[in-house]
Engineer: 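Provided herewith is a single structure, encoded as structure tokens, for subsequent inquiry.
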Amino acid sequence: MIEITIPPREFYSDQTNEFYEFKGATLTMEHSLVSLQKWEARWNKPFLSTKLSYEESIDYFKCMTLNKNVDPYAYKSMTEQNIKALNDYIYRKMTATVFTNEQKSRLNDQFITAEDIYSWMFELQMPLECEKWHLNRLIDQIKVCMLDRQPKKKMSKKDTTAMYARINAERRKKFNTKG
């Protein structure tokens, strides 16, 4: 979850020929599966594999907002720092988990939509509360669960031989022996 403070700003409306004063706001926002699902329902395209326009990004920020009855001018008043802070938050890893190239999963090879993620959650019997987690953390958790379900890969003869040679060398050194 992230909180951003949007400063006050004055707007001029060409339609009414009047000025509007936005008083500023503090918004609480969450980059989650719920936000993703709302955005995809509006735009009818996969969020995670789409380069967003400025308009689409602002709309995603609206989907992320947890506050009720937000003044529409709040999103027009966002500063560059607000937008940078939100983008930094969206792309934060949010976990210490590291995946190797050998651990690639089907999550990396396709367009992913909210429905795909919900499907994986249900398949893995994850509680629905996880939909409110930071999206990157949720996806990494799904990857870990899927990797745990895969059959263990057997080592090649070459790798097995190298592992045994390494273990034997460590033991000879530890016990100060030749064989």
Side-chain angles (χ1 to χ4, degrees), residues 1-6 25-156 159 163:
M1 192 172 316
I2 185 172
E3 266 192 10
I4 61 164
T5 301
I6 303 169
T26 299
L27 300 180
T28 304
M29 304 170 99
E30 181 64 72
H31 173 57
S32 67
L33 184 54
V34 174
S35 313
L36 176 82
Q37 182 272 327
K38 287 178 188 176
W39 187 90
E40 287 183 350
R42 291 182 188 175
W43 291 90
N44 298 316
K45 56 184 176 180
F47 175 84
L48 294 174
S49 55
T50 301
K51 175 105 171 95
L52 303 184
S53 67
Y54 178 77
E55 180 185 1
E56 291 169 333
S57 295
I58 295 298
D59 192 47
Y60 186 67
F61 298 154
K62 290 177 185 177
C63 294
M64 288 174 58
T65 305
L66 301 177
N67 306 64
K68 302 289 183 205
N69 303 320
V70 175
D71 185 333
Y73 284 97
Y75 301 100
K76 294 178 183 177
S77 301
M78 285 184 169
T79 64
E80 284 183 33
Q81 291 88 353
N82 293 142
I83 292 172
K84 182 182 180 331
L86 286 170
N87 283 327
D88 289 348
Y89 168 72
I90 288 170
Y91 294 106
R92 272 183 52 204
K93 195 167 175 330
M94 301 301 279
T95 179
T97 303
V98 177
F99 296 98
T100 66
N101 288 339
E102 297 168 0
Q103 294 174 319
K104 297 283 184 198
S105 68
R106 62 183 175 151
L107 290 170
N108 299 326
D109 299 332
Q110 65 185 31
F111 293 113
I112 300 172
T113 64
E115 288 77 17
D116 292 320
I117 298 171
Y118 277 113
S119 171
W120 296 324
M121 283 177 58
F122 297 144
E123 179 184 331
L124 296 167
Q125 299 178 348
M126 295 175 71
L128 197 54
E129 301 92 64
C130 295
E131 72 181 349
K132 295 181 181 171
W133 287 5
H134 189 284
L135 192 59
N136 298 342
R137 179 177 173 218
L138 175 60
I139 289 173
D140 279 352
Q141 183 63 53
I142 290 170
K143 284 181 183 179
V144 167
C145 291
M146 287 181 168
L147 287 170
D148 284 348
R149 287 182 156 201
Q150 289 179 354
K152 301 297 178 209
K153 184 179 171 185
K154 288 189 174 183
M155 289 194 328
S156 68
D159 292 339
M163 181 187 70

Engineer: Give the minimum heavy-atom separation between S35 and M64, together with the two atoms involved.
Structural biologist: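 So the minimum-distance heavy-atom pair works out to OG-CA, 3.6 Å.
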Engineer: Does a donor on one side chain sit under 3.5 Å from an acceptor on the other, for T79 and N82?
Structural biologist: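 On atom types as modelled, these side chains qualify, holding a pair under 3.5 Å.
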Engineer: With respect to Y89, which candidate in E30, H31, K84 satisfies the side-chain hydrogen bond (donor to acceptor under 3.5 Å, both in side chains) definition?
Structural biologist: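 Of the listed residues E30, H31, K84, the side-chain hydrogen bond (donor to acceptor under 3.5 Å, both in side chains) partner of Y89 is E30.
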Engineer: Do T65 and Y75 come within less than 4.5 Å of each other through their side chains, counting heavy atoms only?
Structural biologist: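 Of all side-chain heavy-atom pairs linking Y75 with T65, at least one is under 4.5 Å.
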Engineer: So which atom in I112 and which in P46 form the shortest heavy-atom distance, rounded to 0.1 Å?
Structural biologist: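 In this case the closest contact between I112 and P46 is O-CB, 3.7 Å.
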Engineer: Evaluate the side-chain proximity of Q141 to C130: yes if any heavy-atom separation is below 4.5 Å, no if none is.
Structural biologist: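 Sidechains of Q141 and C130: no contact.
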Engineer: Give a yes or no on whether the backbone of T113 and the side-chain of E40 come within a donor-acceptor separation of less than 3.5 Å.
Structural biologist: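 It does not hold such a pair.
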Engineer: For the side chain of N136 and the backbone of R92, is there at least one donor-acceptor N/O pair under 3.5 Å apart?
Structural biologist: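 Confirmed, N136 side chain pairs with R92 backbone.
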Engineer: Identify the heavy atoms of L124 and C145 that sit nearest to each other, and give their distance.
Structural biologist: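 Closest pair (atom of L124, atom of C145, distance): CD1-CB, 3.6 Å.
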Engineer: Within the 4.5 Å heavy-atom criterion, are K45 and W39 side-chain neighbours or not?
Structural biologist: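 Touching, per the 4.5 Å side-chain cut-off.
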Engineer: Could you go through E123 and W120, starting from their C-alpha distance and side-chain angles, then the distance that decides it, and tell me whether this counts as side chain to side chain contact (heavy atoms under 4.5 Å, CB included)?
Structural biologist: CA-CA 5 Å; E123 179 184 331; W120 296 324; 4.2 Å; yes
Engineer: For a side chain to side chain contact (heavy atoms under 4.5 Å, CB included) check, start with the C-alpha distance between I83 and Y54, then their side-chain angles and the critical distance, and finish with the verdict.
Structural biologist: CA-CA 10 Å; I83 292 172; Y54 178 77; 4.1 Å; yes
Engineer: Check whether D59 reaches the backbone of E56 with its side chain - one donor and one acceptor, N or O, closer than 3.5 Å.
Structural biologist: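 Looks like no, no N/O pair under 3.5 Å.
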Engineer: Between L52 and F47, is there a side-chain heavy-atom distance shorter than 4.5 Å?
Structural biologist: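 In contact.
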Engineer: So which atom in H134 and which in I90 form the shortest heavy-atom distance, rounded to 0.1 Å?
Structural biologist: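 For H134 versus I90, the nearest heavy atoms are CE1-O, 3.6 Å.
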Engineer: For a 4.5 angstrom cut-off between non-hydrogen side-chain atoms, does M126 reach I142?
Structural biologist: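 The answer is yes; the side chains approach within 4.5 Å.
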Engineer: Go through it in stages, so that I can follow the logic: the residues are L33 and W133, the test is side chain to side chain contact (heavy atoms under 4.5 Å, CB included), and I'd like the CA-CA distance, side-chain angles, deciding distance and then a yes or no.
Structural biologist: CA-CA 7 Å; L33 184 54; W133 287 5; over 6 Å; no
Engineer: Work out which heavy atom in A85 is nearest to a heavy atom in I2; give both atom names and the distance.
Structural biologist: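 Looking at all heavy atoms of both residues, the closest pair is O-CD1, 3.8 Å.
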